[in-house]
Amino acid sequence: MKQYKVGIIGATGMVGQRFVLLCAQHPWFRLTVLAASEHSAGKTYRDAIGSRWHMTDAMPDAAADMIVMDAEKDAEKIAEAVDFVFCAVNMKKDEIKALEERYAKLECPVVSNNSAHRWTPDVPMVVPEINADHIRILDAQRKRLGTKRGFIAVKSNCSLQSYVPALHPLLKFGIDRALVCTYQAISGAGKTFETWPEMIDNVIPYIGGEEEKSEQEPLKLWGHVDGDQIVCADGPSITAQCLRVPCSDGHMAACFVKFAGEKPSIDEIKSIWANYQGRAQELKLPSAPVHFLHYFEEADRPQTRLDRMLEGGMAISIGRLREDTQYDYKFVCLSHNTLRGAAGGAVLLAELLCAEGYITTK
């Protein structure tokens with residue numbers, strides 16, 4: 001089995017820490033470089049993190065004594081040492097775009113958790129079970145960048161990962177519009193209850209930029225490759241409201257859907273969800289859940305604490321499907337926001353890119 005040498009850019013943040021855990025136990029990926037800001041560079045990963053290790057699992061021994069490199073100053077060395085990098089940095093959007101493009105032009109593929117390049121026309125934004133075919137735009141992107149190996153691929157916003165997978169298999173029935181209200185965990189803001197005590201016993205009805213992402217990004221996922229760009233789908237129309245809730249991990253969504261024509265039956269929808277598979281399942285990628293969409297018949301499921309770790313946190317939980325008085329149907333969905341929604345989704349995307357030959361070993 002091939003082993004790919006992997007670097008993590010932004011390794012000290014919460015999503016970076018999740019990348020460290022996932023790569024340390026991955027069958028294909030060998031953790032080779034950890035990089036962060038100038039402040040952390042030159043320290044061991046253990047010392048750079050200090051008391052800020054936010055994962056419930058212990059820091060992997062293989063990572064703890066690695067010397068953290070400077071993501072910007074050491075870019076050439078990092079690009080030379082690895083087969084590709086994951087990127088999860090906390091910088092201004094323009095700075096992220098420049099940094100990721102720099103690595104790509106150094107012939108180092110970038111699989112990004114950041115939002116900076118999601119609307120770059122030739123950068124694929126991929127959920128492997130939904131739009132795996134979009135990765136073929138990378139041929140056009142490499143031509144633009146003048147690279148042979150280097151490129152940028154991104155995953156979508158974490159808020160999409162619960163309701164978009166549930167809606168996707170139903171598009172064939174002609175969805176006219178959907179309304180979604182998301183209830184998002186504090187780890188989505190890179191926080192714990194220790195670092196954000198204001199969230200205890202509290203709900204905040206605002207997450208900056210989240211509603212726009214929730215309404216617009218699905219249209220890129222549902223779009224198509226046209227020459228040197230990805231053209232967004234015209235619909236369905238989505239309206240969203242996003243709330244921060246006092247949960248450590250797990251984004252829940254209440255979704256309402258209206259069909260343009262004859263609506264499917266409840267039994268049809270449940271059957272479609274139960275049998276749906278995407279390219280990740282066809283390829284049997286290491287991080288892919290065996291069953292992407294799980295439906296719970298219990299009236300009080302899914303629940304965040306009980307169901308967020310379903311299939312290693314990579315499956316989507318759905319429940320409470322029923323008819324609605326204004327829309328056709330309503331249901332509830334749940335995804336793990338730092339696994340399926342962030343680092344785990346990026347790892348799955350990297351696996352897809354490796355399996356399809358876009359990431360190669362040197």
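Side-chain atoms are counted along with the backbone in the values below, which use heavy atoms only and exclude waters and symmetry mates.
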| said: Once ring-ring contact (aromatic ring centres under 6.0 Å, His included) is applied, what residue pairs with a partner in residues 91-146 remain, sequence neighbours excluded? | reply: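 Sorted pair list comes back empty.
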| request: Provide the full list of ring-ring contact (aromatic ring centres under 6.0 Å, His included) pairs with a residue in residues 59-99, sequence neighbours left out, each pair given once. | output: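 Listed once each, the pairs are Phe19-Phe86, Phe29-Phe84, Phe84-Phe86.
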Could you check whether [X] pairs with [Y] (Lys NZ or Arg NE/NH1/NH2 to Asp/Glu carboxylate O, under 4.0 Å)?
X      : Y      : answer
Glu297 : Arg320 : no
Glu38  : Lys73  : yes
Lys263 : Glu323 : yes
Lys105 : Glu101 : yes
Arg144 : Asp228 : no
Arg308 : Asp249 : no
Glu129 : Arg279 : no

Could you tell me whether the side chain of [X] and the main chain of [Y] form a donor-acceptor pair under 3.5 Å?
X      : Y      : value
Thr195 : Thr192 : yes
Arg177 : Phe259 : no
Glu211 : Cys242 : yes
Gln281 : Phe292 : no

| Ile8 reachable from Leu99 in the ILVMFWY side-chain graph, under 4.5 Å edges |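 No, separate clusters.
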| request: Indicate if Tyr276 and Ile266 have the same hydrophobic cluster label, given that clusters are the connected sets of ILVMFWY residues with side-chain heavy-atom separations under 4.5 angstrom. | output: yes
| field | Member of Leu306, Ile318, Asp307 meeting the side chain to side chain contact (heavy atoms under 4.5 Å, CB included) criterion with Phe296 | value | Asp307
| said: Would you say NZ of Lys362 has more than 12 non-hydrogen atoms from neighbouring residues, nucleotides or ligands within 6.0 angstrom? | reply: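 Enclosed.
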| query | Are Thr12 and His39 close enough that some pair of their side-chain heavy atoms sits under 4.5 Å apart? | reply |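 Contact flag for Thr12/His39 side chains = no.
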Under 3.5 Å, which donor-acceptor pairs do the side chains of residues 55-63 form with other protein atoms, sequence neighbours left out?
none

